[in-house]
Amino acid sequence: MNGVPNHIGIIMDGNGRWATERGLKRSAGHKEGGKTLEELALHAKNLGVKYLSVYAFSTDNFKRSEEEVNYLMDLLIYYFNNKLEKVCKDNIKVVFSGRKVNLRNDVLEAMESITEKTKNNTDCVLNICLNYGGEEEIVDATIKIADEINKGIIKKEDLNRESYYQYLYQNLPPLDLLIRTGKEKRLSNFMLYQMYYAEIYFSDLYFPDFKPKDLDDAIEFYKNKDRRFGGVKTN
Ligand code: IPE
Ligand code: IPE
Ligand code: MG
């Protein structure tokens, strides 16, 4: 039996459908999803999860209407500015993964502010994937590596599976448990490098309905997995 996962990733999907099925605007689902994330982050931390990575906005989500994108960005700013005190009290360190290009200045400022103010917190790292794509992360890491090799900072022999992590947006351990809510069974370009041996839990619940007890179920699923990492079970 495994212990509590060290690093959990959540693809927080289904906000729009949650709202539409209630006759509400998609934005109402995003707002409700924000509340769920708050509850889950605190619950995960209390269970002893050290890293929580959440997919808040993908590079491809820019394909949505301007109204929806702007609503999401405003909501993110609201959370970064208004939940800061709580995040600090809970000793959670906030970091971001993703590309900075295409993000509004007020979003970048709010991101910088919460990163700076939580940088010394130690209980849990909340990695918010914003304007994030897994392929983009691997491409961006490869560009950094090529640059360092060209400048003579590293030699190509220095590169291996483990050292590659230093070139990703954040140098975090690999994912142990990946959760996707909202019925779909796909990865939608999330943390492709880090999920190499993640156990994957799909939930039919829309993200706003995925509550701490559902996180407990996902963790229970994980605990019962026989993680072989390509080896053979010995007992
Ligand atoms: C996930 O919910 C949140 C974001 C992608 C920002 P969706 O907005 O994708 O909701 P559905 O999948 O359309 O229901
Ligand atoms: C993935 O959900 C992105 C986030 C949860 C932020 P999407 O709704 O964008 O993914 P697809 O389009 O269903 O694959
Ligand atoms: Mg979706």
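Atoms considered below: every heavy atom in the structure, side chains included; atoms not considered: hydrogens, waters and symmetry mates. Start at 1 and go down the list; that is how both ligands and their atoms are numbered.
A salt bridge links K25 with E67: the closest approach of a Lys/Arg side-chain nitrogen to an acidic carboxylate oxygen falls below 4.0 angstrom. A salt bridge is absent between K83 and D90: the closest approach of a Lys/Arg side-chain nitrogen to an acidic carboxylate oxygen does not fall below 4.0 angstrom.
Aromatic pair F221/F202: centroids not less than 6.0 angstrom apart. Remark: aromatic rings of Y164 and Y193 are close, center separation under 6.0 Å. You'll find the ring centres of Y132 and F96 outside the 6.0 Å limit.
Looking at ligand 1, you'll find an N or O of R17 within less than 3.5 Å of one of its N or O atoms. Between G16 and ligand 1, at least one pair of N/O atoms sits closer than 3.5 Å.
Atom numbering of ligand 1 starts at 1 in the shown order; those under 4.0 Å from a heavy atom of R26 are 7 (P), 8 (O), 10 (O), 13 (O). Interface of N61 with ligand 2, defined as ligand atoms under 4.0 Å from a residue heavy atom, comprises 3 (C), 6 (C), 9 (O). Atoms of ligand 2 lying under 4.0 Å from at least one heavy atom of F57, given by number and element, are 6 (C). Residue R64 approaches ligand 2 through these ligand atoms, each under 4.0 Å from one of its heavy atoms: 7 (P), 8 (O), 9 (O).
The nearest heavy-atom contact from the protein to atom 5 (C) of ligand 2 is M12 O, 3.6 Å. Counting protein heavy atoms only, atom 12 (O) of ligand 2 is closest to R186 NH2, 4.3 Å. Looking only at heavy atoms of the protein, atom 14 (O) of ligand 2 is closest to S188 OG, 2.6 Å. Atom 8 (O) of ligand 2 has D13 OD1, 3.1 Å as its closest protein atom, hydrogens excluded (heavy atom only). Counting protein heavy atoms only, atom 6 (C) of ligand 2 is closest to Y55 O, 3.3 Å.
Screening L177, I11, L178 against I200 for a side-chain contact (heavy atoms from CB on, under 4.5 Å) leaves a single residue, L178. D13 pairs with exactly one of R180, K183, R186 by the salt bridge (Lys or Arg N to Asp or Glu O under 4.0 Å) rule, that one being R180.
Using a 4.0 Å heavy-atom cutoff, E184 is absent from the residues neighbouring ligand 1. Under a 4.0 Å heavy-atom criterion, G14 is in contact with ligand 1. In this structure, A56 has a heavy atom closer than 4.0 Å to ligand 1.
Protein-derived N/O/S atoms nearer than 2.8 Å to the Mg ion (ligand 3) total 1, waters excluded.
Counting heavy atoms under 4.0 Å from ligand 2, residue F190 does not touch it at all.
A donor and an acceptor atom, one from each side chain of T122 and N91, are located under 3.5 Å apart. Using modelled atom types, one finds a donor on one side chain and an acceptor on the other under 3.5 Å when comparing E136 with T59. A side-chain donor-acceptor contact under 3.5 Å links N61 and S58. With 3.5 Å as the limit, one finds no donor-acceptor pair spanning the side chains of Q194 and Y165.
Here the CG atom belonging to L37 is positioned 13.5 Å from the NE2 atom belonging to H30, to the nearest 0.5 angstrom. Here the straight-line distance linking atom CD of Q170 with atom OH of Y51 works out to 10.5 Å at 0.5 Å rounding.
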